[in-house]
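Here's the structure, in structure tokens; my notes come after.
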Amino acid sequence: MHPFPTPTPRRAPARVGRWAVPVAVGLLLAGCADPGPGGSGQTGAAPGPSSSAPAPTATAPAEGRWGSYGGRAEACAAVADHVLTLSVLPSSLSVTDRVEDVQQVEDRVAELVEAAPEELVADLARIQLTVDSYGEDLAAEQSATAAPDGPRARFDRRALEDSLGSLRRWLADACADDGG
């Protein structure tokens, strides 16, 4: 008999990609879900927790100070929700290598651009371009002509953080309670 207990064999770590991709994309898309006229809050992705942010009141491209939102309160709540959701993009996209998942995220960000208050359109468009560029790099990496030891697709976190910083400043300026 040994003086130390025999170590129990370790199980191989679970492969995260099988369940994390649908969860991450579902959370991302659900966090930005637009309830639309029926109010279901569902997008084309798997159901996830619904967003508490108000939906834009119109589907036309953003016009005016508050974009497609009904007013300051709706715009501020929605943008705050979008900033929170978009801040997890690098983590969400890092668990998938499916170009389709990245395309879904890009499409959703495009919807945010359309609904955004006019001051935020450029920053959200930069986020959309960042997601699009990552998707193109990922597709090129997976193409049959790509070199197996070529550069890996990388999400530009700095570009995202720069744009999110602008959104946060807008929230601080436009949404701060001025005691009124």
Side-chain angles (χ1 to χ4, degrees), residues 20-37 40-70 74-142 153-172 174-175:
V21 171
V23 169
V25 172
L27 286 174
L28 179 65
L29 295 173
C32 297
D34 176 6
S40 69
Q42 297 298 319
T43 62
S50 63
S51 169
S52 61
T57 55
T59 58
E63 290 183 19
R65 172 126 197 231
W66 308 115
S68 295
Y69 298 99
E74 278 187 35
C76 292
V79 171
D81 184 59
H82 300 330
V83 167
L84 180 62
T85 303
L86 291 168
S87 68
V88 300
L89 265 179
S91 298
S92 299
L93 293 176
S94 71
V95 297
T96 184
D97 60 356
R98 290 174 23 107
V99 175
E100 298 81 16
D101 293 338
V102 178
Q103 182 61 49
Q104 282 184 329
V105 172
E106 182 194 351
D107 292 346
R108 186 58 191 121
V109 175
E111 293 173 16
L112 300 181
V113 171
E114 289 182 17
E118 62 188 23
E119 295 175 55
L120 303 180
V121 169
D123 293 304
L124 286 166
R126 275 192 290 277
I127 293 172
Q128 180 186 4
L129 181 60
T130 301
V131 174
D132 179 59
S133 296
Y134 174 71
E136 289 175 3
D137 292 348
L138 191 61
E141 177 183 294
Q142 294 174 2
R154 294 178 52 104
F155 186 79
D156 188 349
R157 292 172 185 254
R158 174 172 240 154
L160 174 67
E161 284 304 317
D162 288 348
S163 294
L164 288 177
S166 296
L167 298 179
R168 289 180 185 111
R169 283 188 294 281
W170 181 87
L171 284 168
C175 302

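Numbers here simply count residues along the sequence, with the first being 1.
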Atom CD of Glu119 and atom OG of Ser166: how far apart are they, to the nearest 0.5 Å? 11.0 Å
Going by atom types alone, do Asp132 and Gln128 pair a side-chain donor with an acceptor below 3.5 Å? no
Decide yes or no on side-chain contact (heavy atoms from CB on, under 4.5 Å) for Trp170 and Asp123, but give the supporting numbers first. CA-CA 11 Å; Trp170 181 87; Asp123 293 304; over 6 Å; no
Given side chains that start at C-beta, do those of Ser133 and Asp156 come closer than 4.5 Å, heavy atoms only? no
Evaluate the ring planes of His82 and Tyr69, with Trp represented by its six-membered ring, and classify them as parallel (under 30°), tilted (30 to 60°) or perpendicular (over 60°). tilted
Point-to-point distance, once rounded to the nearest 0.5 Å, from CG of Leu167 to CG of Leu86: 7.5 Å
Could you give the distance from OG (Ser68) to CG (Leu112), rounded to the nearest 0.5 Å? 11.0 Å
Look only at the side chain of Gln142 and the backbone of Asp97, and say whether a donor-acceptor pair between them is shorter than 3.5 Å. yes
Rounded to the nearest 0.5 Å, what separates atom CG in Leu89 from atom OH in Tyr134? 10.5 Å
Main-chain N/O of Leu93 paired to Thr96 side chain as donor or acceptor, under 3.5 Å: no
Working to the nearest 0.5 angstrom, can you tell me the gap between Ser87 OG and Leu160 CG? 8.0 Å
Please walk me through it: do Leu164 and Ile127 pass side-chain contact (heavy atoms from CB on, under 4.5 Å)? CA-CA 8 Å; Leu164 288 177; Ile127 293 172; 4.1 Å; yes
Do Gln104 and Asp101 come within less than 4.5 Å of each other through their side chains, counting heavy atoms only? yes
Charged N to carboxylate O below 4.0 Å: is that the case for Arg168 and Glu161? yes
Separation of Leu138 CG from Glu100 CD (nearest 0.5 Å): 9.0 Å
Kindly indicate whether the side chain of Pro117, heavy atoms from C-beta on, has any atom under 4.5 Å from the side chain of Val79. yes
To check you understand the geometry: which heavy-atom pair defines the closest contact between Ala159 and Thr130, and what is its length? CB-OG1, 3.7 Å
Should Glu106 and Gln103 be marked as a side-chain contact (heavy atoms from CB on, under 4.5 Å) after you check the CA-CA gap, both sets of side-chain angles, and the distance that decides it? CA-CA 5 Å; Glu106 182 194 351; Gln103 182 61 49; 3.5 Å; yes
Note: Thr85 and Val88 closest approach over all heavy atoms is O-CG2, 3.0 Å
